[in-house]
Amino acid sequence: MDRFTFQRTATVLGIMLFLFVFYVSAYALFGTSPSWTVTSTQSQTLTTTSTSATSTKGSLLIKQPTKKSATSTTSTEIKIIKPKPIQIPLAPKGRMQDALVSGQYIVVLKKTTSTDPLPDVIKKYGISPIFQYKKALYGFAAKLDVKKMDLLKKDPRIEYIAQDRIVSILATTQTKKKSIAKKSAAKKSSSQKTPPLTAQPLQSSVTSTPSTATTTSTTSTLPTVIAIPPPPDPKKIQIIPTGYSRIFAHSATIKGTGVGVAVLDTGIDLAHPDLKPHITANATCIRAAKNGNDDNGHGTHVAGIIGALDNSFGVIGVAPQANLIAIKVLDAQGGGTWSSVLCGIEWIENNALKYAVKTALMGFGGSGTSDSACGRTNNDPLHRALCQSAQSGITYIAAAGNEGADISMSVPAAYIDTVITVSAVIDTDGGINGKGVPTTVGEDDTFASLSNSGLSVTIGAPGVNILSTGKNGTYYSASGTSMAAAYVAGTAALYAQTHPATRWTDVRTALQLAGEHQNAGHSDSSGNHPEVVLQVVVF
């Protein structure tokens, strides 16, 4: 045999040996001869034999249809697709910069025990007040021209004059909406109560496990996409919002019975079947409105987080037995002023005892700063009034704001000496340790990128994609620190039930002591949020 023939023979034998080893190895691993599949999809495909497949948390597992081959065998192909982050629409910005109300002022008078100069000042200068204040603040709000301003500044009975400022609601755009048939809901009785469901995120994880089967060959088939099931319908069953589960509200043995929670907002839907039975009072500080009914939706949404009834439909609030007081200080567009908010605080001061008001929620904000001295050094009438009301026994809860900025330039959130300020945490699965679907404002169990931060923030709470009540008997999901603040307001109501004579500082301390510390269920890679996260405990 010449050398050329020998080399060719050796090469052929080498190739045959390689194919034999590959064939034996494939048979040992798969129990079948090797085969190849070609798919038209761009995602990774897996071929399984005699096994079941599951997906990790946050992935969508889709099952291929089984199909008989020429040898009457079946095959199962799995396609794993990671779900897209939940889209969180952000609120428009810009109102905070246009803060001053042209030509409108808040006049604060010096109050003495012997005289009441307010009526005389109003009459003497021919003033038509928009609001008058006697308890939370002593003074009035009015439109004033330059001449009247000069005269008032010279009057020794005037302490100071501050220009009125704009405030507005703090929430992102709603992400889904459900209507409810009021009549059908009213007919349901507690004896027919359906077990509640936990609300799922808009893009939830779905796992489909293939059946176990021994296969001897595979065939190429296009994947069949399993549709993500729609969320439960609140008009048919009571849904447990993920935020409610995240703060362990179900563990509370008290429900806020007898405690009044004032909602300083756009009002509350006074006819909403999930809220109406416990709305004990309503008032309006918006002249175009006849009462505290909600014509925007924001106030109704936060009210549901606080105190939606525990019944057979809708959602459930943190304090489902608490009494709700609708105080309309914002208009249909979600806008208001310091003077309209002062009107709401004045109403609380005049009616707190009658309606057992212990807690008040403020889901709005505007530009301003805090002197950490109740507004005494910078002539801030809103700060001053809140301090006065807090000292009389009301715990005020404020939303941190949704600009993703430092809180120091936003009030009432910056009033560290008189309010409990709340930042927003993301929760998409009702559990801890970040196992839920991510969102466009951050990962599960982290602080939302939309949330303001800073030294004045007291505590964090769920505030992203929160399902709650809406105006006209609806239900929808919304995001923002207002939603987070509502969870804290409901929890404060639970504390007030067992501590009726408490001060707001005691409530703050109790919430912080019970709170979840970083890395005990949530994380903060931004380094901007050292505050604990709300947890409901038996106080």
Exercise for the section: Answer yes or no: is there a donor N or O on one side and an acceptor on the other, between the side chain of H278 and the main chain of P320, under 3.5 Å? Expected result: yes
Problem - Distance-only polar pair, side chains of H272 and T300, donor-acceptor under 3.5 Å - result: no
Practice task
May I ask you to test the D310-Q238 pair for a side-chain heavy-atom distance under 4.5 Å?
Solution key: yes
Exercise for the section: Decide yes or no for I106 and L137: does some side-chain heavy atom of the first lie under 4.5 Å from some side-chain heavy atom of the second? Expected result: yes
Practice task
Output the distance between atom CG (L494) and atom NZ (K255), rounded to the nearest 0.5 Å.
Solution key: 8.0 Å
Practice task
Determine whether the side chains of D274 and T469 contain a donor N or O and an acceptor N or O closer than 3.5 Å.
Solution key: no
Exercise for the section: Answer yes or no: is there a donor N or O on one side and an acceptor on the other, between the side chain of N296 and the main chain of A332, under 3.5 Å? Expected result: yes
Exercise for the section: Taking the side chain as every heavy atom from C-beta outward, state whether L118 and Y138 have any pair of such atoms under 4.5 Å apart. Expected result: yes
Practice task
Ignoring hydrogens and angles, tell me if any N or O in the side chain of N452 forms a donor-acceptor pair with the backbone of E403 under 3.5 Å.
Solution key: yes
Problem - Shortest non-hydrogen separation from G363 to A399 and the atoms involved - result: CA-CB, 4.3 Å
Exercise for the section: Answer whether the closest heavy-atom distance between the side chains of V422 and Y487 falls below 4.5 Å. Expected result: no
Handout entry: S372 and D417 side chains, donor-acceptor separation under 3.5 Å
Key = no
Practice task
Drop me the distance from S340's OG to L330's CG, to the nearest 0.5 angstrom.
Solution key: 6.5 Å
Exercise for the section: Could you tell me whether L455 atom CG has more than 12 heavy atoms of other residues or ligands within 6.0 Å of it? Expected result: no
Problem - For Y415, ring pair (Phe, Tyr, Trp, His ring centres under 6.0 Å) partners two or more places apart - result: H383
Problem - side-chain hydrogen bond (donor to acceptor under 3.5 Å, both in side chains) partners of Y355, counting only residues at least two apart - result: none
Fill in the blank from the handout: Rounded to the nearest 0.5 Å, the CD1 atom of I268 sits from the CD1 atom of I306 at a distance of 7.5 Å
Handout entry: Beyond-backbone contact of Y244 with P462, side-chain heavy atoms, under 4.5 angstrom
Key = no
Handout entry: side-chain contact (heavy atoms from CB on, under 4.5 Å) between E346 and K134, worked out
Key = CA-CA 7 Å; E346 181 77 6; K134 294 284 187 76; 3.6 Å; yes
Handout entry: Closest contact, heavy atoms only, D155 versus V121
Key = OD2-CG2, 4.5 Å
Practice task
Grab the two heavy atoms, one from V167 and one from T337, that are nearest each other, plus how far apart they are.
Solution key: CG2-N, 3.7 Å
Handout entry: Residue of the set E516, R246, H529, H517 for which side-chain hydrogen bond (donor to acceptor under 3.5 Å, both in side chains) holds with H522
Key = E516
Problem - Heavy-atom side-chain contact between L309 and P277 under 4.5 Å - result: yes
Practice task
Might you confirm whether atom NZ of K276 has over 12 heavy atoms from other residues, nucleotides or ligands at distances under 6.0 Å?
Solution key: no
Exercise for the section: Would you check if V261 and K358 make a side-chain contact, meaning some heavy-atom pair closer than 4.5 Å? Expected result: no
Exercise for the section: Given side-chain contact (heavy atoms from CB on, under 4.5 Å), test Q535 with I247 step by step and report yes or no. Expected result: CA-CA 5 Å; Q535 286 191 344; I247 66 171; 5.7 Å; no
Handout entry: Pairing of D145 and K147 as salt bridge, 4.0 angstrom limit
Key = no
Practice task
Could you verify whether a donor N or O on one side chain and an acceptor N or O on the other, from D406 and S408, lie under 3.5 Å apart?
Solution key: yes
Problem - Heavy-atom side-chain contact between I130 and Q104 under 4.5 Å - result: yes
Exercise for the section: Take T280 and I325 through the side-chain contact (heavy atoms from CB on, under 4.5 Å) test and state the conclusion after the steps. Expected result: CA-CA 6 Å; T280 56; I325 297 98; 3.8 Å; yes
Exercise for the section: Could you tell me the separation between the CD1 atom of I426 and the OG1 atom of T446, rounded to the nearest 0.5 Å? Expected result: 3.5 Å
Exercise for the section: Would you check if the side chain of H298 reaches a backbone N or O of D265 as a donor-acceptor pair within less than 3.5 Å? Expected result: no
Handout entry: Option from I345, V263, I348, T284 for which side-chain contact (heavy atoms from CB on, under 4.5 Å) with I327 holds
Key = I348
Practice task
Please check if the side chain of D164 supplies one atom and the backbone of S339 the other of a donor-acceptor pair under 3.5 Å.
Solution key: yes
Exercise for the section: For A448 and V464, work out which heavy atoms get closest and say how close. Expected result: CB-CG2, 3.8 Å
Exercise for the section: Could you tell me whether the side chain of T458 and the main chain of T421 form a donor-acceptor pair under 3.5 Å? Expected result: yes
Problem - Spatial distance of atom SG (C374) from atom CG (L382) [nearest 0.5 Å] - result: 11.5 Å
Practice task
Could you tell me whether a side-chain N or O of N282 sits under 3.5 Å from a main-chain N or O of A326, the two making a donor and an acceptor?
Solution key: no
Fill in the blank from the handout: Closest non-hydrogen contact found for W347 with A281 is CH2-CB, 4.0 Å
Practice task
Say whether, by atom type as modelled, one donor and one acceptor occur between the side chain of Q497 and the main chain of T257 under 3.5 angstrom.
Solution key: yes
Handout entry: Under 3.5 Å donor-acceptor, K110 side chain and P117 backbone
Key = no
Handout entry: Shortest non-hydrogen separation from L511 to V532 and the atoms involved
Key = O-CG2, 4.5 Å
Exercise for the section: Measure from the side-chain N and O atoms of T481 to the backbone N and O of A484, and report whether any donor-acceptor pair falls under 3.5 Å. Expected result: no
Exercise for the section: Please lay out, stage by stage, how T242 and N465 fare under the test side-chain contact (heavy atoms from CB on, under 4.5 Å). Expected result: CA-CA 9 Å; T242 52; N465 207 26; over 6 Å; no
Completion exercise
CG (N379) and CD (Q163) are apart, to the nearest 0.5 Å, by 13.5 Å
